[in-house]
> 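Take this structure first; my questions come after.
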Amino acid sequence: MARRAVDPNQSFPALEQEVLQRWRDRDVFAESMRMREGRPEFVFYEGPPTANGKPGSHHVLARVFKDIFPRYKTMRGYHVARKGGWDTHGLPVEIQVEKALGLKSKTDIEAYGIEAFNQQCRESVFTYLEDWNALTERIGFWVDLDDAYRTLDPGYVESVWWALKQIWNKGLIYEGHKVVPYCPRCGTALASHEVAQGYKDVVDTSVYVKLAVAGDHGPLVAGDELVIWTTLPWTVLPNALVAVNPELTYARVRVEGQPAPLVVAEALVERVLGDAGRVEILGTFPGSALEGAAYAPAFPYIATADYGAGAHTVRGAAFVSAEDGTGLVGTAIAFGEDDYALGVGAGLAVINPVLPDGTFDERMGPYAGMDVRAADGRVVEELDAAGRLLRATPYEHSFPHCWRCSTPLVYYAKPSWYIETSRVREQLKASNEAIAWHPPHIKHGRMGDWLENNVDWALSRERYWGTPLPVWRCEDGHTHCIGSLEELEELSGVALEDPHRPYVDDVGFPCPQCAQRMQRVPEVIDVWFDSGAMPFAQHHAPFEAEERFKRMFPADFVCEALDQTRGWFYSLIAVGTLLFDRAPMEHVVCLGLILDENGEKMSKSKGNIVEPWGVIDRFGADAFRWYFFTSKQPWDGYRFSEEAVGEGVRLFLKQLWNTYAFLQTYEPSQDAGACEQSELDRWILSRLSGTVAEVTERLDDYDATFSGRAIAAFVDDLSNWYVRRNRRRFWTGDPHAFETLRTCLLTVSQLLAPFTPFVADELWEGLEGGGASVHLSDWPEAGERDEALLADMAIARDTVRMGLSARGASKIKLRQPLGEAVVVAAGAERAAIERFSEVIREELNVKALRFVAGAEELGSYALKANYRALGPRFGKAMPQVAAAIEALDAQHVAVVLRDGGTVGVNVEGREHELTGADVTLQMQPLDGYQVEREGAHAVALDLAIDDGLREEMLAREVVRAVQGARKDAGFDVSDRIALELGGDAALLGAARAHEGFIAGEVLAVSVAWDNARGSEVRIEGLELRISVTRV
RNA sequence: GGGCGAUUAGCUCAGUUGGUUAGAGCGCCUCUCUGAUAAGGAGGAGGUCCCAGGUUCGAAUCCUGGAUCGCCCA
């Protein structure tokens, strides 16, 4: 096999560019799908991003996790079609265009023209398409972007219409008047999952308002004042009712300085009135005693009669608590879910004096035209002036804001279209139950909780750029849902090329029931419904490719950030359940947030965004991927720093690369003759098999973290043990060593292919793994594993570690050979150490290993109870058992147990038999020996150094000095040299005594001893002159 | 206010069904090795396993309460 020049300092980013080019030239991605045609499908759904912003590091995170499992499954023999997708509709897009065009409201948009506006939206969603495509390719995310689905395509919209009609036909779509979170700036209602994204901690003014009781009622006397509390002062303007909890106890209280007695919940008297002055409780009574009491509204704008009989009275309501406030809640019917239910329950009219732009209408007198939030201050002033204000205090709480434009939301009763998901709650829960979540706690935690409390899906948006709600209505109020473009054409005679607004708005047809003209309702739908429909809409099913859709349903795997729990994950489950009675995916991997290195959320305003290109240019895509896969479990989120990526390069990728470079440096061009496979060869191959098995098992469980770490552990063993221990065999061209190393590296390149596809493929190519790419190879099978060999090597390496530790403590450097290491070991341990005695001797640089069966020669044993073994057996008596064991004659017991015998202990008058597994033996070192111990296993060193050992050390020092000289001279590692030495006579004497050894080590074909020139070095204070000549 | 998750060395993270001396990597210090590797090896410094109770012979691990952080929701 030909040697291939490998630069140990290869730049990975540069290498990746070459690999990318090779993939393009050989069409590897397409081939990886072609070659699996007809094989079982592994189905991946791409959660579509919107390309109206530059992709960031969090997109890299999502995209590499979307990549790793499809690559793995392809190698496992599955056909993995990877259709890309783009989300193109929705408020985020509109907001961006509004900003670019300087539009400030819906009125502005309509003045600008819906057609032109939507055209801008259409273009805007692909503004950064090139950036997305470039980054996607560069990070090695294999996805088919040429055939990507786009939610704006007429076919896609048509599939969404079809889905809506199915749901419509089940009677699950209705128009309701509900209190919805409403953004006055965007002029639209928000779905609960959108509201969820916009909570912010803000300080509002909370007010305590006194409302005078109009007439005697039960315990109340006319003129008494009900104290209500609200964090939204403007809601006092349209106040219609006061709610109390009939179960709570209320108090009528005289407060110093107050003109009339006040009424608050008894439990809150101290908190509300504590610092108001002296307080005297005049009487207490249940909330039910207050029900029906009439009071005078604080503002006159909406008359009691307008709300109807029963307005401006006290009503009982279970939602009132004594947790905060006063226990009396002011209720403005249109502005809260509880308020609405209470008002409607009381038979009052729903009066909403707030316009869609968030300002009061003409009914509110001087407040007309004023933004509701801006009215707060004036309301407080007027209440105060009228003597109705008890107190106004700042109040910090978490309040929902519009997730795109940050405007505080208003809760607001308005007509809106809904999907009645609450009616299929049980099916939704069953669908969720069938999903394997990673991490698992999402199922019954976040998602389960969400579904448990599921409310109807607010489907409609009073906006422009989205899938139009396909509901037409006539003047008599009949409605008709259109399920396809063809149906629309049949009814209207219009063949729409573009189903978006405004074109679709112009299409009308006679009502099938009354023949009056039907017009489409003005709304578009929630963009999340688009993405939830992607399982079929991406194929334009059921209008075409029905077969393909069925083959690709459900997905085996989807992956997005955790915030999609109530976003795409929910819309997938909901749409899937409504149409097919199941979730459209089986495994979901959730990804956490990426924080900066200080643990702060990345944001443009803080300027702590990590640009993906910077990381890629500096370290490469493999490094970026490796960091995301292996640094931690992805759902816990990342505390990102470039240095952490660099560490992965240094400790893993470079280590791997240098092992590969080492092979290419030394691999002989021809066979060096027959040699034997060694124990080390069999050991590393067993390690390899174990690693293949583990990585396979972990990846099958969608666990990139621990599979990646298993590969890293193997590569470390390969580099730092197998290769290091076998260097001599590599220098001499032992074919088994090369064969073994090649096998390991090729298999590693396969295991690594899903993780770091670039470097993996380069190794495969360089080692001639076969075919056009590692990505076209079949996933390796785990081979035979010699467990005994693995265990023996572990013991041998422990022994080395202990020996090195003893050497470190002895302060005798490793180049100084020592006579013997005394090893305490018996049975299987001793056999293992003998098996690898040569390795151990070399590592420790000792002439011989001597075994002693017991510790007697090196120290004494101490005996301890093995709690894990004895605990379950003795329970409460453990302390006595432990004491009894420690009181035994340890040396004697050690001998008995070593021979497989048992010993008896007496605990609380009863005899118990103990075996070797019930106790642990620990060495206690004797003075004068350098002993390292671990359990019953120990290594001691004989520190005596005679002249021979010292000479040998000097010879090794000479070797090292000559190697240094070779390196300084810039020779290649295989260059042969003529060596001349001179200097101190004693030193030269030692060197002469080991001439053969020295010559062999430094590849000298000749050695001369009377050198007067050359570089001078000092060894143990003695002078040595060296000159080296390449021959 | 509720739900979910997190909290272990200066930093990033492991820690099996509870088992008695809590680990790794990075960084720092000392030493060492080097015929691939800004690599490797040995040692050192560095810990109230967030706090407080409880269960248990035994708790980083299980339970309860609390704190802090994050996410989600009222």
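Every chain is numbered from 1 and lettered A, B, ... according to where its sequence line falls, protein lines coming before strand lines. None of these values were measured; they are calculated from a predicted model.
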> What distance, rounded to whole Å, do you find between the two C1' atoms, one in B/rG3 and one in B/rA39?
48 Å
> Heavy atoms, side chains only, cut-off 4.5 Å: are A/L914 and A/L870 in contact?
yes
> Is there a side-chain contact between A/R650 and the phosphate of B/rA39, meaning an N or O under 4.0 Å from OP1 or OP2?
yes
> A/Q564 CD to B/rC4 P: how many Å, rounded?
22 Å
> Between B/rG5 and B/rA9, how far is it from one C1' atom to the other, in whole Å?
23 Å
> For a quick test of reading the model: is some side-chain N or O of A/R815 closer than 4.0 Å to OP1 or OP2 of B/rC33?
yes
> Sort out the partner of B/rG19 for me: Watson-Crick or G-U wobble, both distances under 3.5 Å, none otherwise.
B/rC57
> Among A/V958, A/L1003, A/I1026, which residue satisfies the side-chain contact (heavy atoms from CB on, under 4.5 Å) criterion with A/L979?
A/I1026
> In terms of the nearest nucleotide of RNA chain B, which residue is placed more toward the 5' end: A/L814 or A/F662?
A/L814
> Report which part of the nucleic acid A/Q963 touches: base, sugar-phosphate, or nothing (heavy-atom distance under 4.0 Å, all strands).
base
> Nearest to the side chain of A/H441, which nucleotide is it out of B/rU37, B/rG5, B/rG15?
B/rG5
> Which residue, A/L804 or A/W731, contacts RNA chain B at a nucleotide closer to its 5' end, judged by nearest heavy atom?
A/W731
> Grab the CD-P distance between A/E886 and B/rU21 for me, whole Å please.
10 Å
> Could you give the distance from CH2 (A/W721) to CG (A/D716), rounded to the nearest 0.5 Å?
12.0 Å
> Heavy atoms only, 4.0 Å cut-off, all strands: where does A/V881 land among base, sugar-phosphate and nothing?
nothing
> Verify the contact: side-chain N or O of A/R446 to OP1 or OP2 of B/rG3, cut-off strictly under 4.0 Å; return yes or no.
no
> Using the C1' atoms only, state how far B/rG35 lies from B/rA22, rounded to an integer number of Å.
40 Å
> For nucleotides B/rG70 and B/rU32, find the distance between their P atoms and express it as a whole number of Å.
49 Å
> Any side-chain N or O of A/K632 less than 4.0 Å from the OP1 or OP2 oxygen of B/rC13?
yes
> Between B/rA74 and B/rG10, how far apart are the P atoms? Round to whole Å, please.
40 Å
> List the steps, then state whether side chain to side chain contact (heavy atoms under 4.5 Å, CB included) holds for A/F652 with A/I711.
CA-CA 10 Å; A/F652 177 67; A/I711 298 172; 4.2 Å; yes
> In whole angstroms, how far is the C1' atom of B/rU56 from the CZ atom of A/F874?
18 Å
> Using the side-chain heavy atoms of A/R566, tell me which of these nucleotides is nearest: B/rC72, B/rA36, B/rG40.
B/rC72
> Who is the Watson-Crick or G-U wobble partner of B/rG27, with both distances under 3.5 Å?
none
> Distance between the P atoms of B/rU64 and B/rG2, in whole angstroms?
15 Å
> My understanding is that a pair needs two contacts under 3.5 Å, Watson-Crick or G-U wobble. By that rule, which nucleotide pairs with B/rG65?
B/rC51
> For B/rC71 versus B/rU30, give the span between their C1' atoms, rounded off to a whole number of Å.
46 Å
> Does B/rU21 have OP1 or OP2 sitting under 4.0 Å from an N or O in the side chain of A/K864?
yes
> Whole Å only: how far is the CH2 atom of A/W450 from the P atom of B/rA74?
7 Å
> Just to be sure I understand the rule, does A/P400 reach a base, reach only the sugar-phosphate, or reach nothing, if contact means heavy atoms closer than 4.0 Å?
nothing
> Applying a 4.0 Å non-hydrogen cut-off, can you work out what A/T565 is touching in the nucleic acid: base, sugar-phosphate, or nothing?
nothing
> How far does the P atom of B/rU21 sit from the matching atom of B/rC49, given to the nearest Å?
14 Å
> Can A/R709 be said to sit on top of A/F706's aromatic six-ring, NZ or CZ under 6.0 Å from centre and within 45° of the ring axis?
yes
> From the list B/rC26, B/rG35, B/rC13, which nucleotide is the closest neighbour of the side chain of A/R709?
B/rC13
> Going by purine N1 to pyrimidine N3 plus the second Watson-Crick contact, or the G-U wobble pair, all under 3.5 Å, which nucleotide sits opposite B/rC33?
none
> In terms of side-chain heavy atoms of A/K654, which of B/rA36, B/rA38, B/rG3 is nearest?
B/rA38
> Roughly how many Å is it from OH in A/Y722 to C1' in B/rA36, rounded to a whole number?
15 Å
> Which nucleotide in the set B/rG35, B/rG5, B/rU34 lies at the smallest distance from any side-chain heavy atom of A/Y666?
B/rG35
> CE of A/M802 versus P of B/rG43: gap in Å, rounded?
11 Å
> Return no unless some side-chain N or O of A/S805 is found under 4.0 Å from OP1 or OP2 of B/rG43.
yes
> Quick one: look up who B/rA14 pairs with, Watson-Crick or G-U, both distances under 3.5 Å, and put none if it's unpaired.
none
> OP1 or OP2 of B/rG19 less than 4.0 angstrom from a side-chain nitrogen or oxygen of A/R868, does that happen here?
yes
> Determine which nucleotide pairs with B/rA9, using a 3.5 Å limit on both distances of a Watson-Crick or G-U wobble pair.
none
> Does some side-chain heavy atom of A/R873 sit less than 4.5 Å from a side-chain heavy atom of A/D918?
yes
> How about A/P817 and A/R956: do any of their side-chain heavy atoms sit closer than 4.5 Å?
yes
> Working to the nearest 0.5 Å, report the span between CZ of A/R687 and CG of A/D717.
4.5 Å
> Which one, B/rC57, B/rA42, B/rG70, comes nearest to the side chain of A/M878?
B/rC57
> B/rA74 C1' sits how many Å from A/E452 CD, rounded?
16 Å
> Using a heavy-atom cut-off of under 4.0 Å over every strand shown, decide if A/P879 touches base, sugar-phosphate, or nothing.
sugar-phosphate
> Counting any heavy atom closer than 4.0 Å, what does A/Q880 reach on the DNA or RNA strands: base, sugar-phosphate only, or nothing?
nothing
> Check whether the ring centres of A/W437 and A/F569 lie less than 6.0 Å apart, and answer yes or no.
yes
> Would you classify A/I442 as touching base, sugar-phosphate or nothing, given that sugar-phosphate means primed atoms plus P, OP1 and OP2, and contacts are heavy atoms under 4.0 Å?
nothing
> Please report, rounded to the nearest Å, how far the C1' atom of B/rU16 is from the CG atom of A/D703.
15 Å
> Closest approach to the side chain of A/L651, judged atom by atom: which nucleotide of B/rC33, B/rC26, B/rA36 is it?
B/rC26
